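Everything quoted here is computed from the prediction, not taken from an experiment.
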Amino acid sequence: NQTIQLGEGSMLLLNRKVNESITTWNRGQRDKPLVIRVTEVSPAGTVTLGFEGDAHDVCRTEIYHNYGYGEMNDENKM
């Protein structure tokens, strides 16, 4: 694991294998976690992630930038 600097902020880099996960939550709301699990890694390097957490909206980044500016269809949200 390592942390890299990105402008004003930083990014934590983690190594995970299939069926391993990370858990995140908002400070003070540990009872409402979001679990992100690696469910599959293809031979071509494509990674399939699973997201589990009822208190979070999850979508692809390219959709996030337009969030609230139109309808999100079921294909793009959790």
Side-chain angles (χ1 to χ4, degrees):
N1 301 333
Q2 79 185 82
T3 302
I4 61 170
Q5 282 300 127
L6 297 173
E8 298 289 321
S10 61
M11 177 184 290
L12 174 64
L13 302 176
L14 299 172
N15 295 314
R16 300 280 74 196
K17 297 177 183 175
V18 172
N19 253 350
E20 292 183 338
S21 62
I22 62 129
T23 302
T24 182
W25 59 92
N26 292 323
R27 286 187 180 100
Q29 296 183 347
R30 194 168 174 179
D31 60 328
K32 297 178 182 177
L34 174 65
V35 177
I36 305 166
R37 182 175 308 279
V38 176
T39 60
E40 180 181 355
V41 180
S42 76
T46 303
V47 177
T48 302
L49 300 173
F51 298 85
E52 183 180 356
D54 294 340
H56 300 269
D57 289 330
V58 176
C59 67
R60 299 186 330 251
T61 300
E62 60 271 22
I63 302 299
Y64 172 80
H65 291 294
N66 293 318
Y67 189 81
Y69 298 103
E71 294 297 318
M72 287 182 57
N73 61 38
D74 289 336
E75 179 182 329
N76 296 323
K77 66 181 180 179
M78 180 172 108

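To the nearest 0.5 Å, atom CG of residue Asp57 and atom OH of residue Tyr64 are 10.5 Å apart. The CD1 atom of Ile22 sits 4.0 Å away from atom CD1 of Ile36, with the distance rounded to the nearest 0.5 Å. Separation of atoms OG1 (Thr23) and CD (Glu52) is listed at 9.0 Å; rounding is to 0.5 Å.
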Test side chain to side chain contact (heavy atoms under 4.5 Å, CB included) applied to Val38 and Val47, step by step
CA-CA 7 Å; Val38 176; Val47 177; 4.2 Å; yes

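Under the 4.5 Å side-chain contact rule for hydrophobic residues, Leu49 and Val41 share a cluster.
Listed by chain and number, the residues in a salt bridge (charged side-chain N to carboxylate O under 4.0 Å, His left out) with Arg16 are Glu20 (sequence neighbours excluded). Residues satisfying the side-chain contact (heavy atoms from CB on, under 4.5 Å) test with Ser42, not counting sequence neighbours, are Ala44, Thr46. Partners of Gln2 by side-chain contact (heavy atoms from CB on, under 4.5 Å), not counting sequence neighbours, listed by chain and number: Ile4, Leu13. Every residue two or more places apart in sequence or in another chain that forms a side-chain hydrogen bond (donor to acceptor under 3.5 Å, both in side chains) with Glu62 is listed here: Arg60. Remark: Thr3 pairs with Ser10, Leu12 by the side-chain contact (heavy atoms from CB on, under 4.5 Å) rule, at least two apart or across chains.
Residues Thr39 and Gly50 approach most closely at CG2-N, 4.0 Å, considering heavy atoms. Between Trp25 and Pro33, the shortest heavy-atom contact is CB-CA, 4.1 Å.
Counting only residues at least two apart or on different chains, no salt bridge (Lys or Arg N to Asp or Glu O under 4.0 Å) pair has a member in residues 30-39.
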